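Remember, it's a predicted structure, so these values are computed and weren't measured experimentally. All values below were derived from every heavy atom in this structure, side-chain atoms included, with hydrogens, water molecules and symmetry-related copies excluded. Residue numbers begin at 1 in each chain, while the letters A, B, ... track the order of the sequences.
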Amino acid sequence: MKYWLLKSEPDTFGIDALAASPGRKTHWDGVRNYQARNMMRDEMKRGDLAFFYHSSCAEPAVTGIVTVVREGYPDQSAFDSRSKYFDADSDPAAPRWFMVDVRLVRKFAHPVTLTTLRRHAEGKLKDMWLLRRGNRLSITPVTAAHWKFINSLAGN
DNA sequence: GCCAACGTTGGC
DNA sequence: GCCAACGTTGGC
(Lines give C-alpha, C1' and ligand atoms only; values in the text may rest on other atoms or scores of the structure.)
Protein backbone atom coordinates (compact mmCIF):
# COMPACT_ATOMS: atom_id res chain seq x y z
CA MET A 1 0.00 0.00 0.00
CA LYS A 2 1.22 3.47 -0.84
CA TYR A 3 0.76 6.88 0.68
CA TRP A 4 0.07 10.14 -1.14
CA LEU A 5 -0.67 13.80 -0.68
CA LEU A 6 -3.45 15.48 -2.66
CA LYS A 7 -3.66 19.24 -2.92
CA SER A 8 -6.94 21.07 -3.10
CA GLU A 9 -7.91 24.68 -2.78
CA PRO A 10 -10.40 25.06 0.05
CA ASP A 11 -12.14 27.91 -1.78
CA THR A 12 -12.88 25.45 -4.58
CA PHE A 13 -13.20 22.13 -2.80
CA GLY A 14 -12.04 21.84 0.78
CA ILE A 15 -12.23 19.02 3.25
CA ASP A 16 -15.60 20.24 4.52
CA ALA A 17 -16.99 20.06 0.99
CA LEU A 18 -15.75 16.49 0.80
CA ALA A 19 -17.32 15.68 4.16
CA ALA A 20 -20.61 17.05 2.83
CA SER A 21 -20.46 15.05 -0.41
CA PRO A 22 -22.63 11.96 -0.89
CA GLY A 23 -20.87 9.02 0.71
CA ARG A 24 -18.08 11.46 1.62
CA LYS A 25 -16.67 10.55 -1.80
CA THR A 26 -15.49 12.54 -4.80
CA HIS A 27 -13.90 12.19 -8.22
CA TRP A 28 -10.40 13.65 -8.16
CA ASP A 29 -10.94 15.33 -11.51
CA GLY A 30 -9.35 18.29 -13.19
CA VAL A 31 -5.73 17.22 -12.85
CA ARG A 32 -3.98 18.45 -15.99
CA ASN A 33 -0.38 17.58 -15.33
CA TYR A 34 1.23 14.52 -16.86
CA GLN A 35 3.26 13.48 -13.84
CA ALA A 36 0.23 13.62 -11.58
CA ARG A 37 -1.84 11.92 -14.26
CA ASN A 38 0.61 9.05 -14.42
CA MET A 39 0.44 8.53 -10.68
CA MET A 40 -3.36 8.34 -10.75
CA ARG A 41 -3.45 6.16 -13.84
CA ASP A 42 -0.65 3.76 -12.95
CA GLU A 43 0.24 3.83 -9.30
CA MET A 44 -2.64 4.73 -7.03
CA LYS A 45 -4.39 1.60 -5.83
CA ARG A 46 -7.60 0.90 -4.02
CA GLY A 47 -6.93 1.16 -0.30
CA ASP A 48 -4.02 3.57 -0.64
CA LEU A 49 -4.18 6.44 1.82
CA ALA A 50 -3.61 10.11 1.08
CA PHE A 51 -3.32 13.31 3.02
CA PHE A 52 -5.85 15.95 2.03
CA TYR A 53 -3.91 19.20 1.78
CA HIS A 54 -5.29 22.72 1.57
CA SER A 55 -3.26 24.93 -0.78
CA SER A 56 -3.49 28.52 -2.01
CA CYS A 57 -5.20 29.74 1.13
CA ALA A 58 -4.58 31.64 4.33
CA GLU A 59 -3.25 28.63 6.18
CA PRO A 60 -1.92 25.86 3.96
CA ALA A 61 -2.16 22.61 5.90
CA VAL A 62 -2.75 18.88 5.91
CA THR A 63 -6.35 18.74 7.01
CA GLY A 64 -7.23 15.07 6.93
CA ILE A 65 -6.97 11.65 5.31
CA VAL A 66 -8.71 10.10 2.33
CA THR A 67 -8.56 6.62 0.82
CA VAL A 68 -8.63 5.54 -2.81
CA VAL A 69 -11.92 3.76 -3.51
CA ARG A 70 -11.66 3.56 -7.30
CA GLU A 71 -8.48 3.26 -9.32
CA GLY A 72 -7.55 5.37 -12.31
CA TYR A 73 -10.12 5.84 -15.05
CA PRO A 74 -10.76 8.51 -17.69
CA ASP A 75 -11.54 11.99 -16.38
CA GLN A 76 -14.88 12.78 -17.99
CA SER A 77 -14.54 16.51 -17.38
CA ALA A 78 -11.96 16.62 -20.18
CA PHE A 79 -14.77 15.86 -22.66
CA ASP A 80 -17.29 18.31 -21.26
CA SER A 81 -17.10 21.58 -23.16
CA ARG A 82 -18.89 23.35 -20.32
CA SER A 83 -16.32 22.23 -17.78
CA LYS A 84 -13.45 24.47 -16.87
CA TYR A 85 -11.32 21.35 -17.19
CA PHE A 86 -12.37 20.77 -20.79
CA ASP A 87 -9.53 19.73 -23.06
CA ALA A 88 -10.43 19.85 -26.75
CA ASP A 89 -7.33 17.84 -27.58
CA SER A 90 -8.29 14.88 -25.44
CA ASP A 91 -9.73 12.14 -27.62
CA PRO A 92 -12.47 10.07 -25.94
CA ALA A 93 -11.11 7.02 -27.78
CA ALA A 94 -7.72 7.57 -26.17
CA PRO A 95 -8.32 9.59 -23.03
CA ARG A 96 -5.49 11.85 -22.04
CA TRP A 97 -6.57 12.59 -18.47
CA PHE A 98 -7.35 10.23 -15.64
CA MET A 99 -8.80 10.48 -12.17
CA VAL A 100 -9.37 8.33 -9.12
CA ASP A 101 -12.22 8.36 -6.62
CA VAL A 102 -11.45 9.00 -2.98
CA ARG A 103 -13.43 8.82 0.24
CA LEU A 104 -12.87 10.84 3.37
CA VAL A 105 -11.45 8.74 6.19
CA ARG A 106 -10.91 11.40 8.80
CA LYS A 107 -10.75 15.12 9.17
CA PHE A 108 -8.01 16.19 11.57
CA ALA A 109 -9.16 17.95 14.72
CA HIS A 110 -5.94 19.90 14.44
CA PRO A 111 -4.64 20.47 10.90
CA VAL A 112 -0.89 20.19 10.47
CA THR A 113 0.14 23.50 8.95
CA LEU A 114 2.76 24.02 6.31
CA THR A 115 4.66 26.07 8.89
CA THR A 116 4.76 23.08 11.19
CA LEU A 117 5.84 20.78 8.37
CA ARG A 118 8.65 23.16 7.44
CA ARG A 119 9.89 23.11 11.00
CA HIS A 120 10.82 19.48 10.37
CA ALA A 121 12.08 19.95 6.82
CA GLU A 122 15.65 19.20 7.86
CA GLY A 123 14.69 16.49 10.34
CA LYS A 124 11.93 13.94 10.28
CA LEU A 125 10.48 15.31 7.05
CA LYS A 126 13.73 15.62 5.15
CA ASP A 127 13.20 15.29 1.41
CA MET A 128 9.42 15.40 1.68
CA TRP A 129 8.24 16.22 -1.82
CA LEU A 130 5.80 18.90 -0.70
CA LEU A 131 8.60 20.81 1.00
CA ARG A 132 10.90 20.89 -1.99
CA ARG A 133 11.59 24.29 -3.40
CA GLY A 134 9.26 25.24 -6.19
CA ASN A 135 7.18 22.11 -5.90
CA ARG A 136 3.84 22.56 -7.62
CA LEU A 137 2.77 19.02 -8.26
CA SER A 138 -0.78 18.51 -7.03
CA ILE A 139 -0.27 14.84 -6.27
CA THR A 140 2.88 13.62 -4.58
CA PRO A 141 3.98 10.36 -2.98
CA VAL A 142 4.57 10.30 0.77
CA THR A 143 6.94 7.85 2.44
CA ALA A 144 5.69 5.57 5.22
CA ALA A 145 8.00 7.31 7.68
CA HIS A 146 6.68 10.75 6.73
CA TRP A 147 3.14 9.44 6.86
CA LYS A 148 3.57 8.22 10.41
CA PHE A 149 5.31 11.34 11.59
CA ILE A 150 2.69 13.71 10.17
CA ASN A 151 -0.02 11.61 11.77
CA SER A 152 1.76 11.96 15.07
CA LEU A 153 1.87 15.73 14.58
CA ALA A 154 -1.89 15.63 14.07
CA GLY A 155 -2.29 13.78 17.33
CA ASN A 156 -3.25 10.49 15.73
C1' DG B 1 -1.09 41.45 -5.57
C1' DC B 2 3.61 39.96 -6.18
C1' DC B 3 6.83 36.93 -7.85
C1' DA B 4 9.72 32.67 -8.09
C1' DA B 5 9.52 28.25 -9.98
C1' DC B 6 8.04 25.23 -13.13
C1' DG B 7 5.54 22.84 -17.21
C1' DT B 8 3.99 23.47 -21.81
C1' DT B 9 3.88 25.43 -26.30
C1' DG B 10 5.47 26.68 -30.62
C1' DG B 11 8.75 28.95 -33.82
C1' DC B 12 12.90 28.01 -35.82
C1' DG C 1 15.87 19.41 -30.55
C1' DC C 2 16.54 23.98 -28.62
C1' DC C 3 14.82 27.63 -26.06
C1' DA C 4 12.11 31.89 -25.41
C1' DA C 5 7.59 33.10 -24.28
C1' DC C 6 3.75 32.20 -21.86
C1' DG C 7 0.47 30.43 -18.39
C1' DT C 8 -0.14 28.40 -13.92
C1' DT C 9 0.81 27.29 -9.15
C1' DG C 10 1.10 28.57 -4.63
C1' DG C 11 3.42 30.78 -0.68
C1' DC C 12 3.83 35.09 1.21
Donor-acceptor contacts under 3.5 Å from residues 136-156 of chain A side chains, at least two apart:
residue: A/Thr143; atom: OG1; partner: A/His146; partner atom: N; Å: 3.1
residue: A/Thr143; atom: OG1; partner: A/His146; partner atom: ND1; Å: 3.3
residue: A/His146; atom: NE2; partner: A/Lys124; partner atom: O; Å: 3.3
residue: A/His146; atom: NE2; partner: A/Lys126; partner atom: O; Å: 3.2
residue: A/Asn151; atom: OD1; partner: A/Asn156; partner atom: ND2; Å: 3.2
residue: A/Asn151; atom: ND2; partner: A/Trp147; partner atom: O; Å: 3.0
residue: A/Ser152; atom: OG; partner: A/Phe149; partner atom: O; Å: 2.5

- Query: Nucleotide by nucleotide, 5' to 3', does protein get under 4.0 Å of the base (B), only the sugar-phosphate (S), or neither (-) in nucleotides 3-12 of chain C, counting heavy atoms?
  - Reply: ----BBBBSS
- Just grab all the salt bridge (charged side-chain N to carboxylate O under 4.0 Å, His left out) pairs involving residues 98-108 of chain A, residues at least two apart or on different chains. A/Asp16-A/Lys107
- Between A/Arg96 and A/Asp87, is there a salt bridge with N-O shorter than 4.0 Å? yes
- Check: A/Phe52 ring centre within less than 6.0 Å of A/Trp28 ring centre: yes
- For the residue pair A/Thr63 and A/His54, what are the closest heavy atoms and their distance? CG2-ND1, 3.4 Å
